[in-house]
Q: 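Take this structure first; my questions come after.
Proteins get letters first, then strands, A, B, ... in listed order; numbering begins at 1 in each. For clarity, every value in this text was computed on a predicted model and none was experimentally measured.
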Number of protein chains: 2
Amino acid sequence: MQALEILQQHNLKKTSPRLAIIEALQSSGEPLAEAEISIKMGSHYDRTTFYRSMLTLEEAGILHRIIVDKLLVKYALNPAGPTVKSQTDHAHFYCNQCKKLVCLEEIHPGPYRLPAGFQTSESEVIIKGLCNKCS
Amino acid sequence: MQALEILQQHNLKKTSPRLAIIEALQSSGEPLAEAEISIKMGSHYDRTTFYRSMLTLEEAGILHRIIVDKLLVKYALNPAGPTVKSQTDHAHFYCNQCKKLVCLEEIHPGPYRLPAGFQTSESEVIIKGLCNKCS
DNA sequence: CCCATATTTGCAACATTGTTGCATTTGGAA
DNA sequence: TTCCAAATGCAACAATGTTGCAAATATGGG
């Protein structure tokens with residue numbers, strides 16, 4: 001689906017930073033960090049706008065954020081269609097060698113057997129190792 | 001066990017920053033962020049020393065680091081005794097209300113059924129929600 | 001098409017977490 | 001006590017993210 005259509009579907013204004021972010025992720029085909037997206041967006045790049053756009057796009061269910069390590073965060077487009085919980089409720093794999101991140105859409109972790117009185121609202125799983133190309 | 005003994009057991013020099021860090025975590029009884037530890041350590045506090053000490057203590061298996069969210073990292077003492085993989089290979093629970101982190105030592109996630117060719121070296125699971133005191 | 005306005009952008013400044021280089025200090029052993 | 005490798009402490013820097021505010025813009029109504 002075109003970036004324009006995605007924004008339209010979610011009733012968001014079709015501004016150029018938002019379009020550029022979505023297109024950068026689409027053209028890459030894999031989750032990217034801010035630095036990687038900024039390179040694809042070229043010179044008219046503002047970090048504040050980027051972070052505010054990401055908040056808007058995440059709240060709309062267009063993409064999700066993956067915290068890989070202390071100072072390493074990547075952003076991934078969600079599959080098209082109506083927002084379903086399982087779209088973001090999946091595990092992620094990070095390759096320690098090629099530094100690429102993969103959404104493991106078919107792995108839905110949990111439920112976990114928590115001690116009495118604990119209530120889960122969300123969970124994040126990140127698996128690290130070597131991907132199929134690097135092993 | 002005393003902080004001094006812990007360092008001795010791992011053949012580490014018994015320097016005052018290391019002792020202060022371990023004692024801060026012991027007196028708290030729960031995982032703490034850098035800012036929380038620095039308050040407990042008082043005025044003679046240096047951030048570089050803190051990070052280098054944490055690296056040393058983590059490599060020695062005395063404590064482990066938990067990435068809660070983009071800019072929120074906590075550190076937890078490991079149980080005493082010889083280093084066992086299961087000590088750090090457990091899930092963590094973060095309470096969205098009281099902001100406290102709990103090591104769920106009895107929850108050992110995985111193994112995960114990864115696509116062909118993927119090799120796991122480690123994994124991290126963080127469960128968020130409401131703890132037993134806040135629910 | 002143009003105008004009004006609420007939203008969004010872009011800039012400056014700042015906050016937090018973490019790292020690197022280097023001179024000084026110190027723990028621990030001879 | 002003396003010596004030296006290891007560790008500390010300081011300055012500077014890097015990366016990620018946030019806040020306040022003025023200027024620009026998307027979009028709906030006339």
Q: Without decimals, in angstroms, what is the distance between A:L72 CG and C:dT17 C1'?
A: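 My rounded result for the distance is 14 Å.
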
Q: Any idea which of D:dC21, D:dG9, D:dT18 is nearest the A:R52 side chain?
A: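 Between D:dC21, D:dG9, D:dT18, the one nearest the side chain of A:R52 would be D:dC21.
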
Q: Please pick, from D:dT18, C:dT17, D:dT8, the nucleotide with the shortest atom-to-atom distance to any side-chain atom of B:Y51.
A: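 Within the option list, the nearest is C:dT17.
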
Q: Nearest whole angstrom, please: distance from the P of D:dC10 to the CZ of B:F50.
A: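 That distance rounds to 17 Å.
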
Q: Using only heavy-atom distances, determine whether the side chains of A:E34 and A:Y51 contain a donor-acceptor pair under 3.5 Å.
A: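 Per modelled atom types, A:E34 and A:Y51 side chains form a pair under 3.5 Å.
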
Q: Both B:Y45 and B:R18 contact DNA chain D. Which one's nearest nucleotide lies toward the 5' end?
A: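 Nearest nucleotide further toward 5': that of B:R18.
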
Q: Closer to the 5' end of DNA chain C via nearest nucleotide, is it B:A33 or A:P17?
A: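 That would be A:P17.
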
Q: Within this structure, what is the CD1-to-C1' distance between B:I37 and C:dG18, rounded to whole angstrom?
A: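 Distance check: B:I37 CD1 to C:dG18 C1' gives 14 Å.
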
Q: Take the protein atom CG of B:L4 and the nucleotide atom C1' of C:dG27, then report the distance between them rounded to whole Å.
A: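 To the nearest whole Å, that distance equals 12 Å.
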
Q: Let me know the distance between NZ of B:K70 and C1' of D:dT18, rounded to the nearest Å.
A: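 Checked: the NZ to C1' distance equals 9 Å.
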
Q: Phosphate oxygens OP1/OP2 of D:dA7: is one of them under 4.0 Å from a side-chain N or O of B:T15?
A: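 False: B:T15 side-chain N/O out of range (4.0 Å or more) of D:dA7 OP1/OP2.
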
Q: Rounding to an integer number of Å, can you tell me how far A:M54 CE sits from C:dG10 C1'?
A: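 It works out to 18 Å between those atoms.
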
Q: Which residue, B:L12 or B:Y75, contacts DNA chain C at a nucleotide closer to its 5' end, judged by nearest heavy atom?
A: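 Closest to the 5' end, via its nearest nucleotide, is B:Y75.
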
Q: For A:Y94 and B:E124, which I'm curious about, is there any donor-acceptor pair between the side chains at under 3.5 Å?
A: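 Judged by distance alone, the side chains do not pair up.
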
Q: Verify salt bridge (Lys or Arg N to Asp or Glu O under 4.0 Å) between A:E30 and A:K74, making sure each step is shown before the conclusion.
A: CA-CA 10 Å; A:E30 63 183 87; A:K74 298 235 181 187; 5.3 Å; no

Q: Is a donor from one side chain sitting under 3.5 angstrom from an acceptor on the other, for A:S28 and A:K40?
A: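 Checked: A:S28/A:K40 side chains show no N/O donor-acceptor pair below 3.5 Å.
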
Q: Could you state the atom-to-atom distance from CG of A:D46 to P of D:dG17 in whole Å?
A: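 Distance, rounded to whole Å: 14 Å.
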
Q: Classify the angle between the aromatic ring planes of B:Y45 and B:F50 as parallel (below 30°), tilted (30 to 60°) or perpendicular (above 60°).
A: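 B:Y45 and B:F50: tilted rings.
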
Q: State which of D:dT16, C:dT9, C:dT17 makes the closest approach to the side chain of A:R47.
A: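 Taking heavy atoms from C-beta onward, the closest nucleotide is D:dT16.
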
Q: Any donor-acceptor pair, under 3.5 Å, between the side chain of B:T48 and the base of D:dA11, if you only look at N and O atoms?
A: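 Yes, the side chain and the base share a sub-3.5 Å donor-acceptor pair.
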
Q: What is the distance, rounded to the nearest whole Å, between atom CD1 of A:I39 and atom C1' of D:dA15?
A: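 From A:I39 CD1 to D:dA15 C1': 13 Å.
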
Q: The side chain of B:K13 lies closest to which of these nucleotides: C:dT20, D:dA7, D:dT8?
A: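 Nearest to the side chain of B:K13 among the choices is D:dA7.
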
Q: Over all strands shown, is B:S53 touching base, sugar-phosphate only, or nothing at heavy-atom distances under 4.0 angstrom?
A: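 Since only primed, P, OP1 and OP2 atoms lie under 4.0 Å of B:S53, the category is sugar-phosphate.
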
